[in-house]
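The structure appears below as structure tokens.
Lettering of chains follows the sequences in order, A, B, ..., and the numbering in each one begins at 1.
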2 protein chains.
Amino acid sequence: MTPQQTSRREQNKLDTRRAIAQAALDLARSEGLGAFTAEHIAERANISRRTFFNYFHSAEEALSVSTEAFLDQAEAELAKRPADEPILDAMIQALAATTKVENLQDCGDLFRMAAGNPDLLGTQLLAWERAEARIISAVEERLEGQASSLYIHALVGSLLSCAKAAMREWASSENPDHDAAQTLENHIVTTLTMLRDGFSHPTL
Amino acid sequence: MTPQQTSRREQNKLDTRRAIAQAALDLARSEGLGAFTAEHIAERANISRRTFFNYFHSAEEALSVSTEAFLDQAEAELAKRPADEPILDAMIQALAATTKVENLQDCGDLFRMAAGNPDLLGTQLLAWERAEARIISAVEERLEGQASSLYIHALVGSLLSCAKAAMREWASSENPDHDAAQTLENHIVTTLTMLRDGFSHPTL
DNA sequence: TGAATAACTTGCACGATGTGCAAACTTGCA
DNA sequence: TGCAAGTTTGCACATCGTGCAAGTTATTCA
């Protein structure tokens, strides 16, 4: 009786979820954004339209799975950092580590696609917003009473804005698979260091 | 022949736009978010459903008019600052000045409402995102060649995140009309000063 | 001033969205 | 094996967002 962490049921759901996300990404690449419907995704994933909506609220949400994975990683990495490390150094290390995420390339593609599609962009922004809320809770616990609510919200918001800026810069330049992860990591460290030390002096 | 800057046509359109926005806000307050349709708004504004969609893409967008006004104000104030002022000081002054915007109270209400409604939140985030793009362009012109694209994107993103944090703090506390604008301005100056000098040392 | 023109509003139709509901089907467990 | 709980599916329905063409209002200019 191998104590499977994931029962057959849970595994099936995860598989279906992955299949849907993959189908959505395939369609986005082959047909173009907004050129396909929830029904098309369902068809390609071999499920009914109704089941699609049991998993996701919209086509855009199905596309955002990789982005969510990236953000979950950020949250998890931050939780790993030692409690006595200065908060900004912990953040730099945590965000730098996210570049090792599974499907980094998909994140870049999504980021580029979102730039030209308000619907997708809105969904992605919501994903970042939800992640922000989770990270704020984590930081609040970590700094228990040592910082004001205003400080924490401003800090975490800026943290994610810097990460976003880093991703944009990374995703917008043609990366001839020249160690993409390393490039992104450099951008992240650059922006977060500015955040830590102040934006007064632009480090070109 | 008084040289009217706004022709009758333009004025009518503006009036209609305002009427729709007002109708949407009224309904949101009286019925609750998500408890009314585009058709309801149109009815209350005395126009057809079709005309509503000529002005806005969705009910949420009609609600975001005050937020857009606030962000436009921020952009305009920044453009007013002298060109030789250090960029971060210019930003602090500009954002602080936005608190004099017409319908600040509506902005606060909207902000609170959005916290509990993903659709509205998504629309508001898009509005902030569009404003961010415009401000980035303005800053790029201002710093012409003196700063990297990465620096500018990270800075402006963080700027708006700090402003958002300030608004959240301001909107979430019961303000018994105790000079609301001043309270918000204080929060903005606090967060932007941290952005300028670095987040290393939490100023409680 | 009055006809021609441009801009705006409206109704209609249509494909797509997102969700409640109940009937089928699958899995877990005694 | 067979029942309880969880999942998928089809169907119906209200709503959305937009193209289109016909109607209405503002503007222009002869």
Side-chain angles (χ1 to χ4, degrees), chain A residues 1-24 27-28 31-65 116-123 126-127, chain B residues 1-21 23-24 27-28 31-65 116-123 126:
Chain A
M1 46 166 74
T2 43
Q4 53 209 19
Q5 320 111 317
T6 59
S7 71
R8 181 61 173 276
R9 274 220 165 99
E10 297 173 65
Q11 192 54 51
N12 284 347
K13 288 200 80 166
L14 283 181
D15 288 348
T16 304
R17 201 181 164 77
R18 294 182 79 90
I20 297 174
Q22 189 59 53
L27 280 174
E31 309 291 313
L33 271 179
F36 56 93
T37 74
E39 188 141 25
H40 293 149
I41 302 176
E43 197 174 354
R44 184 178 257 255
N46 290 310
I47 53 163
S48 70
R49 189 181 91 94
R50 188 62 183 83
T51 298
F52 172 85
F53 283 113
N54 282 345
Y55 283 84
F56 299 99
H57 292 312
S58 66
E60 289 75 31
E61 201 175 303
L63 280 173
S64 298
V65 167
N117 185 287
D119 279 348
L120 180 55
L121 181 54
T123 306
L126 278 176
Chain B
M1 45 168 73
T2 44
Q4 53 208 21
Q5 320 113 317
T6 59
S7 71
R8 181 64 172 276
R9 275 220 167 101
E10 296 174 67
Q11 192 53 52
N12 283 347
K13 288 199 78 167
L14 283 180
D15 289 348
T16 304
R17 201 181 163 78
R18 293 183 79 90
I20 297 174
L27 280 173
E31 308 291 312
L33 271 177
F36 56 95
T37 74
E39 188 141 24
H40 293 151
I41 302 176
E43 197 174 353
R44 184 179 258 255
N46 290 311
I47 52 162
S48 70
R49 187 181 90 97
R50 188 63 183 81
T51 298
F52 171 86
F53 283 113
N54 283 344
Y55 283 84
F56 299 99
H57 292 313
S58 67
E60 289 76 30
E61 202 176 301
L63 281 172
S64 298
V65 167
N117 184 288
D119 279 348
L120 181 55
L121 181 55
T123 306
L126 278 176

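- Distances shorter than 4.0 Å separate some side-chain N or O of B:T51 from OP1 or OP2 on C:dT10.
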Practice task
Can you run through DNA chain C from 5' to 3' and write each base as (, ), [, ], | or . depending on how it pairs? Watson-Crick or G-U wobble, both distances under 3.5 Å.
Solution key: ||||||||||||||||||||||||||||||
Practice task
In sequence, state the C-alpha distance, the side-chain angles, and the governing distance for A:L14 and A:E10, and then conclude on side chain to side chain contact (heavy atoms under 4.5 Å, CB included).
Solution key: CA-CA 6 Å; A:L14 283 181; A:E10 297 173 65; 5.6 Å; no
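- C:dG11 atom C1' lies 12 Å from atom CD of B:E39, rounded to whole Å.
- Shown here are the side-chain hydrogen bond (donor to acceptor under 3.5 Å, both in side chains) partners of A:R50, two or more places apart in sequence or in another chain: A:N54.
- Straight-line distance from the CZ atom of B:F53 to the P atom of C:dA13: 18 Å, rounded to whole Å.
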Practice task
Tell me, with the steps shown, if B:I20 and B:T16 meet side chain to side chain contact (heavy atoms under 4.5 Å, CB included).
Solution key: CA-CA 6 Å; B:I20 297 174; B:T16 304; 4.0 Å; yes
Output side-chain donor-acceptor pairs under 3.5 Å for residues 34-46 of chain A, partner residues at least two apart or in another chain, one line each.
{"residue": "A:T37", "atom": "OG1", "partner": "A:E39", "partner atom": "N", "Å": "3.1"}
{"residue": "A:T37", "atom": "OG1", "partner": "A:H40", "partner atom": "N", "Å": "3.2"}
{"residue": "A:H40", "atom": "ND1", "partner": "A:T37", "partner atom": "N", "Å": "3.0"}
{"residue": "A:R44", "atom": "NH1", "partner": "A:D26", "partner atom": "OD2", "Å": "3.3"}

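- Within the structure, a side-chain polar atom (N or O) of A:N12 is placed less than 4.0 Å from OP1 or OP2 of C:dT27.
- Residue side chain A:R9 reaches the base of C:dT26 through a donor-acceptor N/O pair under 3.5 Å, judged by distance alone.
- When the P atom of D:dT15 is taken as reference, atom CZ of B:R49 falls 10 Å away, rounded to whole Å.
- Among the protein residues, A:F36 comes within range of no part of the nucleic acid, since none of its heavy atoms lies under 4.0 Å from any strand.
- B:Y55 has no side-chain polar atom (N or O) that falls below the 4.0 Å cut-off from OP1 or OP2 of C:dC8.
- Remark: B:S58 is not in phosphate contact with D:dC16, judged by side-chain N or O atoms under 4.0 Å from OP1 or OP2.
- Note that the OG atom of A:S58 and the CD atom of A:E60 stand 4.5 Å from one another [nearest 0.5 Å].
- Side-chain contact between A:R17 and A:F56 is present, with at least one heavy-atom pair separated by less than 4.5 Å.
- Comparing C:dC8, D:dC16, C:dA16 by their nearest atom to the side chain of B:K13 picks out C:dC8.
- Using a 4.5 Å cut-off on side-chain heavy atoms (C-beta onward), A:L63 and A:L120 make contact.
- Comparing C:dG28, C:dA16, D:dC16 by their closest approach to the side chain of A:S7 singles out C:dG28.
- Evaluation of atom-type donor-acceptor distances gives no pair under 3.5 Å for the side chain of A:R8 against the base of D:dG6.
- Checking the phosphate oxygens (OP1, OP2) of D:dT15, no side-chain nitrogen or oxygen of B:H40 falls inside 4.0 Å.
- For the pair B:D15 CG and D:dT25 C1', the interatomic distance rounds to 15 Å; values are reported in whole Å.
- A:E61 has its CD atom 14 Å from the C1' atom of C:dT17, to the nearest Å.
- In this entry the distance linking CZ of A:R17 with C1' of D:dT7 reads 15 Å, nearest Å.
- Contact annotation: A:H57 side-chain N/O to C:dT17 OP1/OP2 distance is not under 4.0 Å.
- The CD atom of A:E43 sits 12 Å away from the P atom of D:dG10 (whole-angstrom rounding).
- Between the CG atom of B:D119 and the P atom of D:dT15 there is a distance of 15 Å, rounded to whole Å.
- Proximity of B:Y55 to B:K13: side-chain heavy atoms (C-beta onward) are separated by under 4.5 Å at one or more points.
- Minimum atom distance to the side chain of B:N54 is reached by C:dT10, of the listed C:dT10, C:dT17, D:dT15.
- For B:R50 against C:dA13, no side-chain N or O and base N or O form a donor-acceptor pair under 3.5 Å.
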